[in-house]
Every structure is written in C-alpha cells, then in structure tokens.
Colleague: 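First, the structure itself, so that you have it in front of you.
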Amino acid sequence: MKILILPTVEAVTKHAARRLARQLKRKPHSVLGLATGGTMDRLYAALPAMVAEEGAQIEQMRSFNLDEYVGLSGDHPQSYRHYMATRFGVPLGVDLARMALPCGDAPDPAAEAARYEAAIAEAGGIDLQLLGIGQNGHIGFNEPTSSLRSRTRIKTLTRSTVAANARYFDRPEDVPTRAITMGIATILDAREVLLLATGAAKAEALAAAIEGPLAAASPASALQLHPKATVLCDEDAAAALRLRDYYETVHPGGRDPSFGGPL
Ligand code: GLP
C-alpha cells in the first residue's frame with residue numbers, strides 16, 4: 001500500500017484529480033469505479049479544470065458507482081444517481097448512460113445487486129476505483145463485519161452511518177437504512193484503488209485500515225490485500241498513523257516519483 005501524506009485537503013483533492021485525469025489520458029475508455037460523499041464533492045468540482053490541464057478525454061469513460069440507497073429512485077435529490085448526475089455527469093459532459101449505479105428502487109433489490117455485479121464483470125472490470133472511508137472504516141457501504149469476500153448485495157447501515165447521512169435529508173425518518181453496495185471482494189477486483197481520507201474524524205479509521213490487523217471489523221483494512229492501492233490523506237487524517245516517519249521517508253511531502261510530473 002502506498003501512503004501519501006499531503007499537507008492540506010486542497011492538496012489531496014488536486015492530487016486525486018490529477019491521478020484521475022491521467023488515468024483517462026492514458027486510457028480514454030477507462031472503466032472508473034466512482035464514489036459519493038463530501039470528500040468526492042471536492043474532487044469532482046476540481047475535475048473539469050484538471051481534465052483540461054492534463055489534456056484528457058473524459059467522454060469515452062464508463063463508470064460504476066460503489067453504492068445506492070435502497071428505496072430511493074434515481075430522480076430523488078438524495079439518491080446517489082442524482083448526486084453523480086449533478087456533480088459529475090452534467091458538469092463534465094459525460095453521457096449519463098455511461099454512468100452506472102445500482103437501481104435503488106428496483107422491485108427486487110437482491111436481484112438488482114446480482115445484475116450489477118455481473119455488469120461490472122461484463123464491462124471488463126474496473127480500472128481505477130475511488131474510495132472514501134467512513135468514520136467506522138466502511139468502504140462503499142460495507143459496514144464493519146462485512147465479509148471480506150463479499151460481492152454486491154444489500155447491507156443494513158449502522159446507526160452511526162445513518163446519523164452521518166442525516167445531514168443530507170430534511171427529516172431523520174427519511175434517511176435510508178439499507179443500501180445496495182459493491183462488496184469488498186468486488187472492490188478488491190479493481191485493477192487499482194485510490195482511497196481518499198481527509199479531516200480528523202477519519203484519523204482512527206484510517207490508522208486501523210492501514211496499520212491494524214486485516215479484519216472485517218475494519219472493512220477498509222481489506223485494501224492491505226490489494227496489489228495496487230494508494231491512500232491519499234491530509235495531515236489531520238494522518239494524525240493517528242504510527243509509522244508516519246516511514247511513509248514520509250518513502251514519499252517526502254506526499255510526492256510519488258513513480259507517478260511522474262507535478263504532484
Ligand atoms: C458514505 C459513502 C462512502 C463514503 C462515506 C464518507 O458512507 N457510501 O462511499 O466514503 O460516505 O463520506 P464523506 O466523504 O462525506 O466523509
């Protein structure tokens with residue numbers, strides 16, 4: 001696992017945007033695994049300028065999102081489909097038909113989960129998977145104790161996740177309590193994984209993921225098994241890392257010489 005500690009949230013955002021743009025430049029038909037949440041908001045806002053700066057093409061990409069709330073239709077303002085259309089598809093000029101998410105209002109959510117898993121495989125798998133991390137260490141909506149070999153399925157959200165998501169809904173009773181999410185094994189199948197963590201609230205979860213035991217109690221720790229996983233974090237999210245000296249020796253200032261160019 002490559003751990004890059006950058007000084008600020010802005011630096012993390014810019015670095016991630018550059019990695020994404022370079023992926024698209026190298027392979028315009030990339031299949032991207034996309035994520036939602038506040039961390040990704042900043043990244044997607046930075047992406048149009050970075051795609052232009054890097055001279056990348058974004059129109060030919062395809063994407064699969066990590067997850068969607070069960071019970072919300074795609075036109076619900078808090079659905080992840082709506083989030084992706086407004087933050088990514090429309091501003092970047094990507095045809096929404098190229099951007100896949102599980103259908104939250106499918107009549108048979110379990111069948112929808114299986115269909116989604118198969119669709120990822122049919123697309124040839126994911127080239128680059130973006131991930132945030134929940135305060136409890138979840139990735140996608142794989143809550144603690146999710147099987148490390150799980151595939152796309154329905155998960156019941158923890159109370160703390162429901163509470164964290166409540167800020168996006170008018171009434172607490174409207175916050176969904178279940179989601180269709182890629183499984184941990186689905187995520188590990190991606191050819192490359194990029195996890196972003198910013199802010200002090202993520203420090204404990206990040207330390208458990210990187211330096212703790214491989215454990216279902218810390219779903220993000222499964223990335224320890226991935227051959228090409230990069231973690232981008234800011235100073236605040238890095239605060240609980242015990243081996244920080246080592247990461248900074250290998251990548252001073254969060255620089256990644258193997259990547260090339262200004263990062
Ligand atoms: C939700 C999403 C995750 C995301 C997490 C953190 O739970 N399902 O994919 O990583 O939120 O979101 P934020 O970036 O807002 O902290």
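Note that ligands are numbered from 1 as they come in the structure, with each ligand's atoms numbered from 1 the same way.
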Colleague: Counting only heavy atoms, which portion of Met182 has something under 4.0 Å from ligand 1: side chain, backbone, both, or neither?
Modeller: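 Neither part.
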
Colleague: In the protein, what heavy atom is nearest to atom 12 (O) of ligand 1, and what distance, to one decimal place, separates them?
Modeller: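 Scanning the protein heavy atoms, the shortest distance from atom 12 (O) of ligand 1 goes to Gly37 CA, 4.0 Å.
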
Colleague: Give the contacting part of Tyr80 toward ligand 1: side chain, backbone, both or neither, where contact means a heavy-atom distance below 4.0 Å.
Modeller: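 Side chain only.
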
Colleague: Please list, in number order, the atoms of ligand 1 under 4.0 Å from a heavy atom of Arg167.
Modeller: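 Close to Arg167: 15 (O).
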
Colleague: Closer than 3.5 angstrom, by distance alone: can the side chain of Arg178 be matched with the main-chain N or O of Leu157 as a donor-acceptor pair?
Modeller: no

Colleague: If you count the non-hydrogen atoms of other residues, nucleotides and ligands that lie under 6.0 Å from CG in Asp108, is the total more than 12?
Modeller: yes

Colleague: Using heavy atoms and a threshold below 4.0 Å, how should the contact between Met40 and ligand 1 be classified: side chain, backbone, both, or neither?
Modeller: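 Met40 to ligand 1: no contact under 4.0 Å from either part.
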
Colleague: For ligand 1, note which part of Asp67 has a heavy atom under 4.0 Å away: side chain, backbone, both or neither.
Modeller: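 The part of Asp67 near ligand 1 is the side chain, not the backbone.
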
Colleague: Does any N or O of ligand 1 fall below 3.5 Å from an N or O anywhere on Gly140, backbone included?
Modeller: yes

Colleague: Hey, any chance Leu130 and Phe64 share a hydrophobic cluster, counting ILVMFWY side chains that come within less than 4.5 Å of each other, even indirectly?
Modeller: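 No, no single cluster joins them.
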
Colleague: Run the ring-centre check on Tyr69 versus Phe141 and record whether the distance is less than 6.0 Å.
Modeller: yes

Colleague: Please round to the nearest 0.5 Å and tell me the distance separating atom CG of Leu188 and atom CD of Gln129.
Modeller: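 Rounded to the nearest 0.5 Å, the CG-CD separation comes to 10.0 Å.
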
Colleague: Give the atoms of ligand 1, by number and element, whose distance to some non-hydrogen atom of Phe141 is under 4.0 Å.
Modeller: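 The atoms of ligand 1 under 4.0 Å from a heavy atom of Phe141 are 1 (C), 7 (O), 8 (N).
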
Colleague: Just to be sure I read this right, does ligand 1 sit under 4.0 Å from the backbone of His138, its side chain, both, or neither, counting only heavy atoms?
Modeller: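 His138 to ligand 1: side-chain contact only, backbone stays beyond 4.0 Å.
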
Colleague: Please list the nearest protein heavy atom to atom 15 (O) of ligand 1 with its residue and the distance rounded to 0.1 Å.
Modeller: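 Protein heavy atom with the smallest distance to atom 15 (O) of ligand 1: Gly38 N, 2.7 Å.
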
Colleague: Glu235 and Arg244: salt bridge (Lys or Arg N to Asp or Glu O under 4.0 Å), yes or no, with the steps?
Modeller: CA-CA 10 Å; Glu235 294 277 346; Arg244 183 178 171 149; 2.5 Å; yes

Colleague: Under 4.0 Å from a heavy atom of Ile133: which atoms of ligand 1 are those, numbered in the order shown and with their elements?
Modeller: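 So the atoms of ligand 1 that pass are 6 (C), 10 (O).
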
Colleague: Against Lys2, only a single residue in Leu232, Thr230, Val231, Val250 fulfils side-chain contact (heavy atoms from CB on, under 4.5 Å); can you say which?
Modeller: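 Option passing the side-chain contact (heavy atoms from CB on, under 4.5 Å) with Lys2: Thr230.
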
